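Treat the numbers as computed from the prediction; the structure is a model and nothing was measured.
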Amino acid sequence: MSLTNEIFFNTIREVILISRQKVYRSVNFVLLETYWNIGKLIVEEEQQGESRAVYGSNLLKNLSKELTLEFGKGFDYTNLTNMRKFYFSFPILDALRQELSWTHYRILSKIDSEEKRTFYLNEAAENSWNSRQLERQIKSLSFERTLNPISKEQNLSIHSVLKDPYIFEFLGLSNDAKNTEFQIETAIIDHIQKFLLEFGKGFAFVARQQHIITDTSDFYIDLVFYNYILKCFVIIDLKTDKLSHQDIGQIDMYVRMYDDLKRNEGDNPTIGILLCTEKDETIVKYSVLSDNNTLFASQYMLYMPKEEDLKQIIDQDRIIYELNKNN
């Protein structure tokens, strides 16, 4: 195929793909609108102007039988219950995100907190999460692990991107074995898409073991990313042990060096992140990490912990984070 024909073919191909996407979104929104209206009618019939339902579950059971007889599958008792909850969780039809499917909304409707629901709704839509990715983010308590989940009144900042702890169970590394930094780096590169999903929005991979040359020495930075939303480089130093003051001094030097040698005009200051298996909060409190908006330390885990264990870790970190922030 000649270059001219190839360009012509790709142009038409793009038109077809865009059209199909529009058709999918249109059909998807009609389905969402249908289920939302059914949920609204069920709630209105149940409440009859009262604050509490008066019919109990018989209304849905009877309705399910009638609708299934006429329209077939899709209107069983469970799905009607989901439509009812869908309306309760998202009472404004115009606020629905067309990028998300009915499966997304079924998952989101199970979240009781409006703040969390809104967080996962926006993250799923803006980052094109499929339903499986959304479930993982909820299961791994992504909202709770984010240092400062963004609200409508806030602009995106590094605090609304970073998490603590990070969960890297998808790397497939044993938590019992003593993994080397090289093994972890290699696994991250092999699973870069999942790593970026876990790491947060706006990140693009730049380099692994990036070679930095100064007048007197050579240095190698483990991982380098660029965040196109924050408009800055983000360098990561991986550690397979507990955080030490030497580690902090090293990442501080790397950030200063990167700003001096690699940062471009228009870029915001470089951000350095220490990923370690365990944090020493005393070292964090009495080091440059405590009052520096470009240096951070986060714990990482190579397995998906039990929810109650993860909540305990998050609660402890949150208390320390808030205390340090207010001091």
Side-chain angles (χ1 to χ4, degrees), residues 10-47 53 59-139 142-143 146 149-156 160 193 196-197 200-202 228-229:
N10 287 332
T11 302
I12 292 181
R13 178 177 174 274
E14 189 68 21
V15 169
I16 294 171
L17 290 175
I18 292 172
S19 297
R20 285 184 174 180
Q21 186 65 26
K22 286 181 179 178
V23 169
Y24 167 77
R25 288 196 177 186
S26 177
V27 171
N28 180 60
F29 187 73
V30 169
L31 180 67
L32 292 177
E33 188 176 31
T34 300
Y35 287 171
W36 186 90
N37 280 312
I38 291 173
K40 181 174 185 287
L41 290 168
I42 290 171
V43 170
E44 290 175 346
E45 180 66 18
E46 281 182 333
Q47 292 185 350
L59 174 66
L60 292 187
K61 289 178 180 177
N62 295 332
L63 180 62
S64 173
K65 289 178 183 178
E66 295 296 327
L67 291 177
T68 300
L69 281 173
E70 183 166 351
F71 298 104
K73 295 180 180 180
F75 298 97
D76 58 21
Y77 175 80
T78 300
N79 217 18
L80 289 177
T81 302
N82 288 333
M83 294 176 201
R84 180 179 179 274
K85 199 162 188 177
F86 177 39
Y87 171 73
F88 267 129
S89 301
F90 302 95
I92 302 174
L93 179 62
D94 291 341
L96 297 181
R97 301 290 295 262
Q98 296 187 36
E99 307 97 308
L100 303 182
S101 68
W102 169 236
T103 305
H104 285 98
Y105 278 106
R106 277 207 331 265
I107 296 169
L108 291 167
S109 296
K110 296 176 184 176
I111 302 173
D112 293 331
S113 164
E114 183 180 356
E115 184 183 12
K116 292 181 186 178
R117 197 163 55 239
T118 301
F119 171 84
Y120 287 114
L121 169 76
N122 292 331
E123 291 293 304
E126 292 166 11
N127 296 294
S128 301
W129 292 350
N130 59 37
S131 57
R132 185 173 297 179
Q133 290 168 335
L134 172 60
E135 283 188 308
R136 181 197 176 275
Q137 293 294 326
I138 295 172
K139 180 182 178 183
S142 181
F143 173 85
T146 303
I150 193 166
S151 68
K152 293 178 181 177
E153 293 77 25
Q154 293 173 305
N155 293 320
L156 188 70
S160 59
Q193 187 174 2
L196 291 176
L197 173 65
K201 65 173 68 175
Y228 58 84
I229 299 175

For a 4.5 angstrom cut-off between non-hydrogen side-chain atoms, does Thr103 reach Leu134?
no
Report the distance from atom OG1 of Thr118 to atom CZ of Phe90, rounding to the nearest 0.5 Å.
7.5 Å
Examine distances only and state if a side-chain atom of Asn28 and a backbone atom of Glu99 form a donor-acceptor pair shorter than 3.5 Å.
no
Would you give the length of the straight line joining atom CZ of Arg132 to atom NZ of Lys139, rounded to the nearest 0.5 angstrom?
12.0 Å
Those residues at least two apart in sequence (or on a different chain) that pass side-chain hydrogen bond (donor to acceptor under 3.5 Å, both in side chains) with Ser101 are His104
Using modelled atom types only, decide if a donor and an acceptor are shared between the side chain of Asn79 and the backbone of Phe75 within a distance under 3.5 Å.
no
Flag the pair Phe86 / Tyr35 as yes when their ring centroid distance falls below 6.0 Å, and as no otherwise.
no
Is there side-chain contact between Leu100 and Leu108, with at least one heavy-atom pair below 4.5 Å?
yes
Rounded to the nearest 0.5 Å, how far does CG of Leu41 lie from CG of Leu63?
9.5 Å
Distance check, rounded to the nearest 0.5 Å: Asn62 atom CG versus Leu67 atom CG?
11.0 Å
Can you name the residues that form a salt bridge (charged side-chain N to carboxylate O under 4.0 Å, His left out) with Arg106, not counting sequence neighbours?
none
Flag side-chain contact, heavy atom, 4.5 Å: Leu121 against Tyr105:
yes
Here the pair of heavy atoms bringing Tyr120 nearest to Ile111 is CD1-CD1, 3.6 Å
Rounded to the nearest 0.5 Å, how far apart are CD of Glu45 and CZ of Arg84?
12.5 Å
Counting neighbours of CD1 on Ile92 that are heavy atoms of other residues, nucleotides or ligands and sit closer than 6.0 Å, is the number greater than 12?
no
How far apart are the closest heavy atoms of Ser109 and Ser89, and which atoms are they?
O-OG, 3.4 Å
CZ-CD distance between Phe119 and Glu114, expressed to the nearest 0.5 angstrom:
15.0 Å
Residues passing the side-chain hydrogen bond (donor to acceptor under 3.5 Å, both in side chains) test with Asn127, sequence neighbours excluded, are Glu123
Test log, rule side-chain contact (heavy atoms from CB on, under 4.5 Å), inputs Arg97 and Asn122
CA-CA 8 Å; Arg97 301 290 295 262; Asn122 292 331; 3.2 Å; yes
Would you please name every residue forming a side-chain hydrogen bond (donor to acceptor under 3.5 Å, both in side chains) with Arg117, sequence neighbours left out?
none
Do Met83 and Trp102 touch side chain to side chain, with heavy atoms closer than 4.5 Å?
yes
Which residues share a ring pair (Phe, Tyr, Trp, His ring centres under 6.0 Å) with Phe29, sequence neighbours left out
none
Any donor-acceptor pair under 3.5 Å linking the side chain of Trp129 with the backbone of Leu197?
no
Got a sec, which pairs hit side-chain hydrogen bond (donor to acceptor under 3.5 Å, both in side chains) with one end in residues 64-76, sequence neighbours left out?
none
